[in-house]
Protein chains: 2
Amino acid sequence: MDATQGRFERIQVAPAYQLVAEAIEREVVSGRLLPGEPVGTEAELVRQFGVNRSTVREGIRALEEGGFIQRGPDRRLYACLPRYNRLSSRMSRALILHEVTFRELFSVALALEVASAEQAVAHITDEMLERLEENQGEIEAAAQAGDAARLSEADSTFHHLVAKASGNRVLLLSREPASLLFFPTTELICRRVPEGPPRLIVAHRHIIDALRARDLEQARLWMSRHLHDWERGFARAGRDLDEPVERVYARSLPPGIAV
Amino acid sequence: MDATQGRFERIQVAPAYQLVAEAIEREVVSGRLLPGEPVGTEAELVRQFGVNRSTVREGIRALEEGGFIQRGPDRRLYACLPRYNRLSSRMSRALILHEVTFRELFSVALALEVASAEQAVAHITDEMLERLEENQGEIEAAAQAGDAARLSEADSTFHHLVAKASGNRVLLLSREPASLLFFPTTELICRRVPEGPPRLIVAHRHIIDALRARDLEQARLWMSRHLHDWERGFARAGRDLDEPVERVYARSLPPGIAV
DNA sequence: CCTCTTGACTTTGTCCGACAAAGTCCTAGC
DNA sequence: GCTAGGACTTTGTCGGACAAAGTCAAGAGG
């Protein structure tokens, strides 16, 4: 089947649906289509691209999955920037599939949470401090009520807020995949280990105070302690750090895309 | 339009193409469909799901984009696990779109590369040491030849290898998005800063030696120095840490999916 | 006997037309 | 003025159709 000689490059014709997807993606990426702006109806796209509606729809599916466009409540298509959490949840799922262990999660969480705390010291604003205080209130209330799920949720939020306070979006993104799998275990620990919640509250308190005082050393120290508390609690809850993150998580992941 | 009372949940009917995609995704995720196995032809899927081919195709597009299935060279569909680098490249692109700065990248790279070195000390194998030595040879050859592109490429590989040597897949994954944007700048630096390559070679040498000697302190120290060398080199190359990662990168990213 | 061509068959990419369900918008009646 | 319809739009789905490209096996020619 080879030509007599390899004189010519193989001619590549990308499928039309891919060209459609790429064209729209370019509009979004280049900023000509701003997030929130309507992309247009399928009929319009059919007219503009001069292809069949089926073809347009296939392109739309790919873009949708890629997070470049979204359906509004009215089912219409709107441009949007690929959301972090969407990508993060995919990453988390990949981690589950590869059966990573809690030890692996822990090591990374430790490195990234401490880095978050360090950078938050330098960049935190009064508004973020305020939100951390609110969060602390929520956590104390949840602990008081003995609501482990709510406490765990708020704990996740706490760490997200600290990362956000760092002003480093790369950090915020990088920590997300591991965090999505790591922090939900707080619920489990708080259920089984009575001294979990009070220790958590104390640690958060110290972290917030350190951030307010711009005390790098304390922030680093208490975030590290807080994570090591988790490690101890995880063991006391009868779990093994070397056990793989179960598939069960796959179902209860974030409220992103179904499955 | 509201019902008289909010007694019932709104009934949600997911579109058929989504159900198709989810069903196939479940097969892959659950391991019933192993990576590399054929998913079946569109006609077969039409029969199995009892929906129209257009519907199946829309579902396929989404899965394809999600990385759960892939077209073989024969255009047929084969299952596959979402590859890290595919997700990573999407993440990297998201970072570009959000116009993160090199300073943000640097902070995260510092934290994660040092963590990689630390954990590699505990887990490195002779085989990985061997591969690092090979890589070192490649880098020295590239430097000798004055080939900045090749050198930069090999430098990326070096850091990837160290992360791999850590035995921590979460770490390997978490560092990828930032790395994809961060390390290519090495080329730029090496072009402009003559003392760049020799310093890089010395640092890598010390890191490899520290890993071989299982010397945690030295590994940490030299990885940190190496990264700070980058920082200095970046400035000496006339670039500003606070400038956003340009869109230009979006084109020359990894050889993943075309933008 | 082996190689090469050819032609039937399969599969994908694309198109056309159609229709029901659900959302939107305008209008007429109270 | 507000509400209930009704017309129109848009999406989701279906059925069928055909060209291009790949696969495979049988037959022609050495």
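So that the names make sense, note that chain A is the first sequence line, chain B the second, and so on, each numbered from 1. None of the values given here were measured: they were computed from a predicted structure.
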Q: Please examine the side chains of A:Leu63 and A:Glu25, heavy atoms only from C-beta on, and report whether any two atoms are closer than 4.5 Å.
A: yes
Q: Figure out the CZ/P separation between B:Arg47 and C:dT11, and round it to whole Å.
A: 8 Å
Q) Nearest of C:dT14, D:dT13, C:dC16 to any side-chain atom of B:Pro15? A) D:dT13
Q: Provide, to the nearest angstrom, the distance between the CG atom belonging to B:Leu77 and the P atom belonging to C:dT11.
A: 12 Å
Q) Given atom CZ of B:Arg61 and atom C1' of D:dG12, what is their separation to the nearest angstrom? A) 17 Å
Q: Could you state the atom-to-atom distance from OH of A:Tyr17 to P of C:dT14 in whole Å?
A: 7 Å
(Q) Any side-chain to backbone donor/acceptor pair from A:Asp147 onto A:Ala142? Under 3.5 Å, distance only. (A) no
**Q.** Gap between atoms CD and P, on A:Glu58 and C:dT12 respectively (whole Å)
**A.** 12 Å
Q.
Tell me the interatomic distance from A:Arg53, atom CZ, to C:dC19, atom C1', rounded to whole angstroms.
A. 11 Å
**Q.** Options D:dT13, C:dG13, D:dG12, nucleotide nearest the side-chain atoms of B:Arg71
**A.** C:dG13
(Q) Closest approach to the side chain of B:Asn52, judged atom by atom: which nucleotide of C:dC16, D:dG15, D:dT13 is it? (A) D:dG15
(Q) How many whole angstroms separate atom CD1 of B:Ile60 from atom C1' of D:dT13? (A) 16 Å
Q. How long is the line joining CD of A:Glu42 and C1' of D:dT11, in whole Å?
A. 6 Å
Q: Please tell me which of B:Glu44 and B:Ser54 maps to the more 5' nucleotide of DNA chain C, matching each residue to the nucleotide holding its nearest heavy atom.
A: B:Glu44
Q.
Salt bridge or not between A:Arg150 and A:Glu138? Use side-chain N to carboxylate O under 4.0 Å.
A. yes
Q. To the side chain of B:Thr41, which of C:dC16, C:dT12, D:dG12 is closest?
A. C:dT12
Q) Of all the choices, C:dT14, D:dT11, D:dG15, which nucleotide is nearest to the side chain of A:Arg57 once you look at every atom? A) D:dT11
Q) Hey, is CD on B:Glu42 packed in by over 12 heavy atoms from elsewhere, all under 6.0 Å? A) yes
Q: Please state whether the phosphate of C:dC15, meaning OP1 or OP2, lies under 4.0 angstrom from any side-chain nitrogen or oxygen of A:Thr55.
A: yes
(Q) Show the nearest heavy-atom pair for residues A:Gln119 and B:Ser107, with the distance to one decimal. (A) NE2-CB, 3.1 Å
